[in-house]
**Student:** 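Quick one: structure below, then a few questions.
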Number of protein chains: 2
Amino acid sequence: MTEEPGRRERKKAATRRHIADTAREMFLERGFDAVGIREIAAAADVAVTTLFSHFPSKEALAFDEGQKREDRLVQAVTGRGAEQTIPDALREHFRAVVEDFARPAAVTFWRLVDDSPALREYASTMWQRHEDALTTVIAADLGLPKSSTTCRAFSHYVLGVYPLAREAPDPMAAVDEIFDLITPGWIEIDVSGFHGAARTGPEPYHGAESS
Amino acid sequence: MTEEPGRRERKKAATRRHIADTAREMFLERGFDAVGIREIAAAADVAVTTLFSHFPSKEALAFDEGQKREDRLVQAVTGRGAEQTIPDALREHFRAVVEDFARPAAVTFWRLVDDSPALREYASTMWQRHEDALTTVIAADLGLPKSSTTCRAFSHYVLGVYPLAREAPDPMAAVDEIFDLITPGWIEIDVSGFHGAARTGPEPYHGAESS
DNA sequence: TGTGAAAAGCTAACCGTTAGCGTTATGGTT
DNA sequence: AACCATAACGCTAACGGTTAGCTTTTCACA
């Protein structure tokens, strides 16, 4: 599956990387809104249609690692230690994310985002998608239906750390504050399983899906 | 202030209503994405520029009562009874919202929204704006800074009921479930004031705003 | 070497939105 | 009663992101 990619796929990946790099440079230099798609395509020496065959939108050019971010989030839940609860795993994950946000490259990137309404909105819809992914993986882990209100509420609450951690004066403290509010008392009200450790063999939910 | 509007403002309001009505009809008949702005303007017999002088975007044509919704939400906090806590006031508010969602007109409207990615995204950014408004009003009510992590986390959590209440099989139960999770134990960890009643004279926060 | 498919390209548009500028109607002021 | 500032509306033309339709190039594999 992940064998030698072959020349074709290597070239494709190279084109993709070249477009993204060119765009990022231009964005950082002149701002997201001040750079047009046609300009980027010209600068990268590709056709506009080629650009859109690699990226679904202009915003996706700037936010390239979005999928990786989501994968890491899901991984934090599925790949947690056998003795670790879901909230603890997520706290650990977000502490790492916050450290990542502090990197100089990340700082300049997020400044770029803050300067563009289009990018800000794209970011918040990205958190939304992450929320869906987190709900799915937690529900699967606990053997609950994806539509479980508690699962959704929990994921929604947790994903709130993204914007908070970016805007708080002390992001790491904000993360801890958020997770400290998830007391056993809160969670145990409805889903005692949340504080259980990782399952060895998850029992998938087989409830009703549609009428 | 709210005196006789005068012929000018009456005509303006009439134009606005006429545009919105025309658009809503067309949307319901053919779907949001299948109707173009130029078509709507032609059907309402106004210029495209006139349309955009009344509504900031195509989506705003469908989502007309967005601002009213936000006002009611804020009102639920500021206008709550002297003996009512913020969570209780919000629970009551959202129970009413859920009943509103059940109206036949609302049902068809939200079906329209669900069928259009553009409208769905617009809705979620609307919840976002509501979140900001709720944070502001709660922070003011409690005399905390707007940037208070707990305030923001709380507002974020609460606003999660909008999508949940729309998608849950039993919306009313979902609302109660969400608010039942807000235990005194949870809130008291950080903001004991959340469970206090309405203030008679709020003491505004005077802390540091920048650097 | 030939063949089929993926990748890249070109042209020309569509669609939401806005800028620039002119026209008319209205409300308040002299 | 004449007048003017301005709000409301209209027209034209464009901008910028995105896509459809179709051709050309590049590669994998026989």
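Values below: all heavy atoms of this structure, side chains included; hydrogens, waters and symmetry mates excluded. Per chain, numbering begins at 1; letters A, B, ... match sequence-line order.
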**Student:** Does D/dG10 have OP1 or OP2 sitting under 4.0 Å from an N or O in the side chain of B/T49?
**Tutor:**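 For B/T49, the contact criterion (side-chain N or O under 4.0 Å from OP1 or OP2 of D/dG10) is not met.
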
**Student:** Between D/dC9 and B/H54, is there an OP1 or OP2 to side-chain N/O distance shorter than 4.0 Å?
**Tutor:**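 Indeed, a polar side-chain atom of B/H54 lies that close.
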
**Student:** Does C/dG16 have OP1 or OP2 under 4.0 Å away from a side-chain N or O of B/S57?
**Tutor:**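 So the side-chain polar atoms of B/S57 never come under 4.0 Å of the phosphate oxygens OP1 or OP2 of C/dG16.
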
**Student:** Salt bridge between B/K58 and B/E39, side-chain N to carboxylate O under 4.0 Å?
**Tutor:**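 A salt bridge is absent here (no side-chain N lies under 4.0 Å from a carboxylate O).
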
**Student:** Indicate, with a heavy-atom threshold strictly under 4.0 Å, whether B/D33 touches base, sugar-phosphate, or nothing.
**Tutor:**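 Touches nothing.
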
**Student:** Of all the nucleotides listed (C/dT17, D/dC9, D/dG17), which has the minimum atom distance to the side chain of B/V48?
**Tutor:**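 Side chain of B/V48 sits closest to C/dT17.
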
**Student:** Rounding to an integer number of Å, can you tell me how far A/Y122 OH sits from D/dG17 P?
**Tutor:**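 After rounding, the gap between these two atoms is 15 Å.
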
**Student:** Considering only NZ, NE, NH1 and NH2 on the basic side and carboxylate oxygens on the acidic side, decide whether A/E92 and A/R80 come within less than 4.0 Å.
**Tutor:**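 Judged by the 4.0 Å cut-off on N to carboxylate O distance, A/E92 and A/R80 do not form a salt bridge.
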
**Student:** When you get a sec, tell me which of D/dT19, D/dC9, C/dG9 is the closest nucleotide to the side chain of A/F52?
**Tutor:**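 Ranking D/dT19, D/dC9, C/dG9 by closest atom to the A/F52 side chain puts D/dT19 first.
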
**Student:** Does A/K11 place a side-chain N or O at less than 4.0 Å from the phosphate oxygens OP1/OP2 of D/dC27?
**Tutor:**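 For D/dC27, OP1 or OP2 has a side-chain N or O of A/K11 closer than 4.0 Å.
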
**Student:** Below 3.5 Å, does any donor atom in the side chain of A/R38 face an acceptor in the base of D/dT18, or the other way round?
**Tutor:**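 Such a pair exists between side chain and base.
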
**Student:** Do any side-chain nitrogens or oxygens of B/T15 fall under 4.0 Å of OP1 or OP2 in D/dA8?
**Tutor:**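 Indeed not, no polar side-chain atom of B/T15 lies that close.
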
**Student:** Tell me whether A/R91 is salt-bridged to A/D176, with the criterion being a basic N under 4.0 Å from an acidic carboxylate O.
**Tutor:**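 Result for this pair is yes, salt bridge flagged.
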
